[in-house]
Amino acid sequence: MLQYQPRQDLLKGKTILVTGAGDGIGREAALTYARYGASLILVGRTQHKLQAVSDEIAALGGKNSPCFTLDLLTATIDDCHSLASQVASIAPYLDGVLHNAGILGVVAPITEQPSDLWHDVMQINVNATFMLTQALLPLLLKAPNASLIFTSSSVGKQGRAGWGAYAVSKFATEGLMQVLSEEYKQSNLRVNCINPGGTRTAMRASAFPDEDPLKLKTPTDIMPIYIYLMGDDSLRKTGGSYDAQPGRKPGAAE
Ligand code: NDP
């Protein structure tokens, strides 16, 4: 979906939490949601990056965006609950959560995937995302309607040589999304995945160092599906896995 024309006040009155909000796609999603009227809660690893995004939102005329640093590599379930109670003290409920933070690990065959890095990828992309979801679910269920979005990848739907832990973590993310969407089918909560497709960010550059980044869509280009799934136009959509760039051939830009 690259052609959606949302109303300018689509997200007015909504409170949305974004992880990995300091850089790349997460940063752009936070800024975009603020432009459409949402209040943001910014979660990430690096405080000064989050603060810079919060300042940019303020400069756009947006509301104050509280920032929370949480390193998903070391976060425990108690840390996630502590974050959720801090969020609860500033917002009665959450209308949306975008799980965007993630790491690539290394592009290498399975025989050469270092096992410690494998564990780190699973910890950040899957285990911490699960724990944070568990802690934030009560706040989502208190909203009139809520949208929970996970970030997948084309290698999370079709395995590809060399994508090791990252691909496996994204298959797990798709699974988590599907299970949750079934569990909450009769509720106010919808749960979906977005596959950004190759996008001009630091992570993409580390996966494809020889690629010309100018051949890639930017985070701004891929925002339509992020907006659609967060706003009320997608109220009845749950259990879906959406490509931000439909029809794009996975792999290096040609
Ligand atoms: P970036 O590397 O540009 O940004 C990743 C974000 O995640 C950063 O804000 C980073 O924080 C945060 N993060 C990384 N590790 C941790 C951690 N341990 N704890 C908390 N936050 C962390 O990546 P992209 O913007 O490209 O990727 C965003 C999402 O999109 C990821 O889930 C990725 O897998 C997915 N994706 C991206 C594609 C692409 O082509 N770009 C294609 C398919 C999927 P900090 O800045 O502080 O390091």
Side-chain angles (χ1 to χ4, degrees), residues 17-32 40-54 56 67-76 79-80 83 97-107 117 119-132 149-158 160 163-174 176-177 193-209 211-223 225-226 241-246 248-253:
L17 183 149
V18 177
T19 73
D23 213 336
I25 296 168
R27 172 183 171 278
E28 187 59 38
L31 290 167
T32 302
L40 268 298
I41 294 174
L42 309 174
V43 179
R45 178 166 54 177
T46 314
Q47 175 60 26
H48 72 85
K49 290 189 180 182
L50 296 176
Q51 192 53 52
V53 176
S54 179
E56 271 193 76
C67 303
F68 295 97
T69 44
L70 182 70
D71 185 344
L72 297 176
L73 182 59
T74 52
T76 62
D79 295 331
C80 294
L83 174 72
V97 170
L98 171 63
H99 283 295
N100 158 84
I103 62 164
L104 173 70
V106 63
V107 179
L117 192 51
H119 283 279
D120 289 354
V121 172
M122 292 302 164
Q123 193 58 31
I124 292 169
N125 295 6
V126 183
N127 301 341
T129 301
F130 149 70
M131 290 190 287
L132 200 51
I149 303 175
F150 293 94
T151 306
S152 178
S153 167
S154 53
V155 294
K157 299 194 260 193
Q158 174 70 54
R160 200 184 316 150
W163 286 78
Y166 181 78
V168 174
S169 78
K170 295 299 187 180
F171 269 90
T173 302
E174 293 275 351
L176 178 57
M177 177 278 288
C193 272
I194 296 176
N195 161 30
T199 307
R200 203 184 305 165
T201 66
M203 182 192 285
R204 177 74 190 189
S206 70
F208 293 92
E211 179 181 61
D212 177 2
L214 296 177
K215 291 191 170 156
L216 295 168
K217 297 286 187 206
T218 64
T220 312
D221 295 329
I222 64 166
M223 282 301 116
I225 191 68
Y226 285 80
S241 183
Y242 292 83
D243 290 334
Q245 303 180 52
R248 182 183 189 280
K249 200 169 136 258

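In this text the structure is predicted, and so the values were computed from the model without any measurement. As a basis for the values below, the full set of heavy atoms in this structure was taken, side chains included, without hydrogen atoms, waters or symmetry mates. Read the numbers this way: they start at 1 and go in the same order the structure lists the ligands and their atoms.
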Using 0.5 Å steps for rounding, measure from the [atom1] atom of [X] to the [atom2] atom of [Y].
X    : Y    : atom1 : atom2 : result
N195 : T173 : CG    : OG1   : 11.5 Å
I222 : I25  : CD1   : CD1   : 4.0 Å
R160 : Q158 : CZ    : CD    : 9.0 Å

For [atom], what's the nearest protein heavy-atom neighbour? Residue, atom name and distance, please.
atom                    : result
atom 10 (C) of ligand 1 : R45 NH2, 4.3 Å
atom 42 (C) of ligand 1 : G197 O, 3.7 Å
atom 19 (N) of ligand 1 : L72 N, 2.8 Å
atom 5 (C) of ligand 1  : G102 O, 3.9 Å
atom 9 (O) of ligand 1  : G20 O, 3.2 Å
atom 47 (O) of ligand 1 : T46 OG1, 2.4 Å
atom 23 (O) of ligand 1 : M203 CB, 3.4 Å
atom 40 (O) of ligand 1 : T199 N, 2.8 Å

Ligand 1 N/O within reach of [X] N/O, cut-off under 3.5 Å:
X    : value
I25  : yes
T151 : no
G44  : no
G26  : no
S153 : no
T201 : yes

Atoms in ligand 1 with a heavy atom of [X] nearer than 4.0 Å:
X    : value
I124 : 18 (N)
L70  : 19 (N), 20 (C)
N100 : 28 (C), 29 (C), 31 (C), 32 (O)
L73  : 18 (N)
G198 : 40 (O)
I103 : 14 (C), 15 (N)
Y166 : 33 (C), 34 (O), 35 (C), 36 (N), 43 (C), 44 (C)
K49  : 45 (P), 46 (O)

CD/Q47: more than 12 non-hydrogen atoms of other groups inside 6.0 Å: yes
Keeping [X] on the side-chain end and [Y] on the backbone end, is there a donor-acceptor pair under 3.5 Å?
X    : Y    : result
K170 : T151 : yes
S153 : V155 : yes
T19  : H99  : no
D120 : L117 : no
S169 : A167 : no
D243 : Q245 : no
D221 : T218 : yes
D71  : R45  : no

Are side-chain N/O atoms of R248 and S154 paired as donor and acceptor at under 3.5 Å? no
Scan side-chain atoms only and decide if K157 and S152 contain a donor-acceptor pair under the 3.5 Å cut-off. no
Looking at ligand 1, does S152 have a heavy atom less than 4.0 Å from it? yes
For ligand 1, is any non-hydrogen atom under 4.0 Å from R200's backbone (N, CA, C, O), its side chain (CB onward), both, or neither? neither
Is the shortest side-chain heavy-atom distance between T199 and L216 below 4.5 Å? no
May I ask which of L98, D23, V18, T129 has a heavy atom nearer to atom 8 (C) of ligand 1 than the others do? D23
